[in-house]
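Note that the structure is predicted; figures quoted are calculated from it, not measured. Throughout, residue positions are numbered sequentially from 1 according to the sequence presented. All ligand and atom numbering here is 1-based and tracks the order in the structure.
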Amino acid sequence: MDKAEDFDAEIFRSMEFISNPYPIYRELRNINPLIYLRNERYYWILSYKDCSSVLSDLDYGKKFKRTYEEMTNSNVDDLQHYDPRNPRRNMLFLDPPDHTRLRNLVAKAFVPKNIEKMRPFIRSLAEDLIKRVREGRDFDIMSGFAGPIPAYTIAKILGVPNRDMEKFKKWSDSAALSLDSTRTREEYEEARVADENLSLYISSLIDEKKKSHEDDLLSDLIAAEDSGEKLTHRELIATSTLLLVAGHETTTNLIGNGFLALLRNRDQMDMLREDRSLLKNAVEEFLRYDPPVQQTARAVYKATVISGMEIKEGTRISAVIGSANRDPEAFENPDTLDITRKDNKHLSFSKGIHFCIGSQLARLEAEVAFDILMDNLSDARLSAEPEWRNNANMHGMKTFLVKKN
Ligand code: HEM
């Protein structure tokens with residue numbers, strides 16, 4: 001191959017693509033596993049093999065040459081562009097050695113035993129939420145169930161006191177608006193104010209926790225030390241905000257997208273309702289089948305060849321996880337939802353040094369959420385076509401109305 005197919009990025013902004021990008025990824029992969037987005041000036045990598053090697057290789061990183069102004073004209077991968085002008089440093093936007101230092105410190109506090117002890121909290125939260133379902137009445141899975149679970153869970157893990165939970169949840173909902181590519185000026189302003197309020201609030205919470213170490217993640221982050229290094233006050237704020245933003249909408253969409261997949265594949269719903277030992281495996285398949293993060297971008301640090309095509313140093317590329325997860329070279333019957341699938345090496349949590357640090361928490365939340373959904377809503381049906389968020393990267397629904405029979 002001597003040329004990548006060249007596309008106008010506009011075609012990927014249609015709601016038809018955003019709500020169900022997979023048939024288009026398949027068509028594109030069949031034409032060429034590397035495509036060039038003319039007006040965005042970057043490449044999409046569509047095959048599993050190439051996405052996997054780009055994500056694992058340090059010759060690709062996070063320092064982009066394009067300016068902020070150019071990037072804000074793009075609405076493709078907002079997770080990376082969350083707020084690049086912000087002087088706060090967080091690991092998602094950094095390369096080693098800064099990334100390594102921050103990640104090692106956070107990894108000290110974010111350990112599996114601290115995650116697993118959240119199980120009873122998540123279960124009782126999910127049980128309370130599902131009690132609001134009324135027979136014969138519409139219930140919005142997104143605002144009534146999938147949204148609150150991650151928001152309250154991360155607040156609890158960080159150590160937000162119960163008295164502040166409601167305002168914390170409101171700010172984190174508003175801050176998540178900044179991930180939406182079609183936000184209005186008012187919504188952008190709402191997100192900015194919420195982000196500021198969140199930072200101020202977290203800053204004062206850090207001061208409180210510094211005085212009395214408690215049994216929570218923020219206290220552990222304050223205490224975390226690696227080779228004599230500690231997180232600065234600013235890094236503590238940046239890290240807490242990152243955990244909140246990166247873990248909220250994504251996990252919400254895992255629950256939403258997974259439940260929609262079950263409603264559309266009743267045999268799989270019945271199987272899961274009858275055999276809960278499949279829960280863990282089912283969550284992996286929901287992640288593969290309809291991933292909450294569709295792509296993640298990298299800058300090319302060393303001229304290279306991808307899919308037979310020479311790519312210059314400094315070029316921007318994007319590993320399209322949503323396409324890699326449906327690549328028939330990597331998965332048998334990739335377009336079939338199969339909750340018993342074995343050896344499911346999806347890329348939904350990425351790969352390499354930026355592999356999602358919250359993956360165990362997301363898995364736990366989803367496992368509990370689907371257990372409760374199977375107990376209560378396995379006979380539900382869609383009341384209306386779901387409404388998708390207008391965002392080609394953070395893939396999820398705005399509203400998802402179901403009715404219990
Ligand atoms: C289903 C839910 C989730 C999905 C699909 C997801 C996906 C991802 C992906 C794809 C990346 C890597 C991006 C890249 O390679 O550039 C990532 C990184 C990250 N995620 Fe998640 N995530 C989820 C839940 C969470 C949760 C619950 C948390 C924490 C509370 C979290 C915290 C992070 C952090 C801190 C990073 C940055 C890691 C680094 O740069 O080293 N995520 N996530």
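Salt bridge status for Glu27 with Arg326: absent, with no side-chain N to carboxylate O gap under 4.0 Å. Salt bridge absent: Asp195 and Arg192 never bring a charged side-chain N and a carboxylate O closer than 4.0 Å.
Within ligand 1, counting atoms from 1 as listed, the ones closer than 4.0 Å to a heavy atom of His99 are 39 (C), 40 (O), 41 (O). Against a heavy-atom cut-off of under 4.0 Å, Ser350 is close to the following atoms of ligand 1: 10 (C), 12 (C), 14 (C), 15 (O). Taking every heavy atom of Ala362 and a limit of under 4.0 angstrom, the matching atoms of ligand 1 come to 1 (C), 2 (C), 24 (C). Atom numbering of ligand 1 starts at 1 in the shown order; those under 4.0 Å from a heavy atom of Arg298 are 14 (C), 15 (O), 16 (O). The contact set between ligand 1 and Leu242, taken as ligand atoms under 4.0 Å from a residue heavy atom, comprises 35 (C). If you number the atoms of ligand 1 from 1 as listed, the ones under 4.0 Å from a heavy atom of Lys62 come out as 14 (C), 16 (O). The Ile353 neighbourhood of ligand 1 comprises atoms 41 (O), with distances under 4.0 Å to a heavy atom of that residue. Ligand 1 places these atoms under 4.0 Å from at least one heavy atom of Leu254: 1 (C).
Between His395 and the choices Thr250, Asn20, Asp290, the side-chain hydrogen bond (donor to acceptor under 3.5 Å, both in side chains) rule is met once, by Asp290.
Side-chain contact check for Tyr289 and Gln268: no donor-acceptor pair (N or O, by modelled atom type) lies under 3.5 Å. For the residue pair Asn325 and Ser348, a side-chain donor N or O sits within less than 3.5 Å of a side-chain acceptor on the partner. Side chain to side chain, Glu214 and Ser219 fail the donor-acceptor criterion of an N or O pair below 3.5 Å.
Note: an N/O pair closer than 3.5 Å links Arg103 and ligand 1 by distance alone. In terms of polar-atom proximity, Thr296 is counted as a contact of ligand 1, with an N or O under 3.5 Å from an N or O of the ligand. At a 3.5 angstrom cut-off on N or O pairs, Glu365 does not count as close to ligand 1.
Residue contacts with ligand 1: Phe110 is included, with a non-hydrogen atom under 4.0 Å away. Not a single heavy atom of Lys351 sits less than 4.0 Å from an atom of ligand 1. The closest approach between His248 and ligand 1 stays at or above 4.0 Å for every heavy atom of the residue.
When the heavy-atom distances from atom 31 (C) of ligand 1 to Pro291, Ser318, Gly358 are ranked, the shortest goes to Gly358. Closest heavy-atom approach to atom 7 (C) of ligand 1 within the set Gly61, Ser348, Pro292, Ser240: this belongs to Ser348. Around atom 39 (C) of ligand 1, the closest heavy atom drawn from Gln360, Arg363, His354 belongs to His354. Evaluated by nearest non-hydrogen atom to atom 9 (C) of ligand 1, the leading choice among Phe349, Tyr60, Phe286 is Phe349.
Taking the six-membered ring where tryptophan is involved, the planes of Tyr43 and Tyr36 are tilted, since the angle between them lies from 30° to 60°. Classification of the Phe355-Phe349 ring pair by plane angle, with boundaries at 30° and 60°, yields perpendicular.
Side-chain contact between Asn253 and Met142 is present, with heavy atoms from C-beta onward closer than 4.5 Å.
Interatomic distance, Asn114 CG to Asp215 CG, rounded to the nearest 0.5 Å: 7.0 Å.
With a 4.0 Å heavy-atom cut-off, ligand 1 is reached by the side chain of Ile154 but not by its N, CA, C or O.
Closest of all the heavy-atom pairs between Pro148 and Lys169 is CA-CE, 3.8 Å.
Aromatic rings from Phe259 and Phe145 are positioned such that their centres are separated by 6.0 Å or more.
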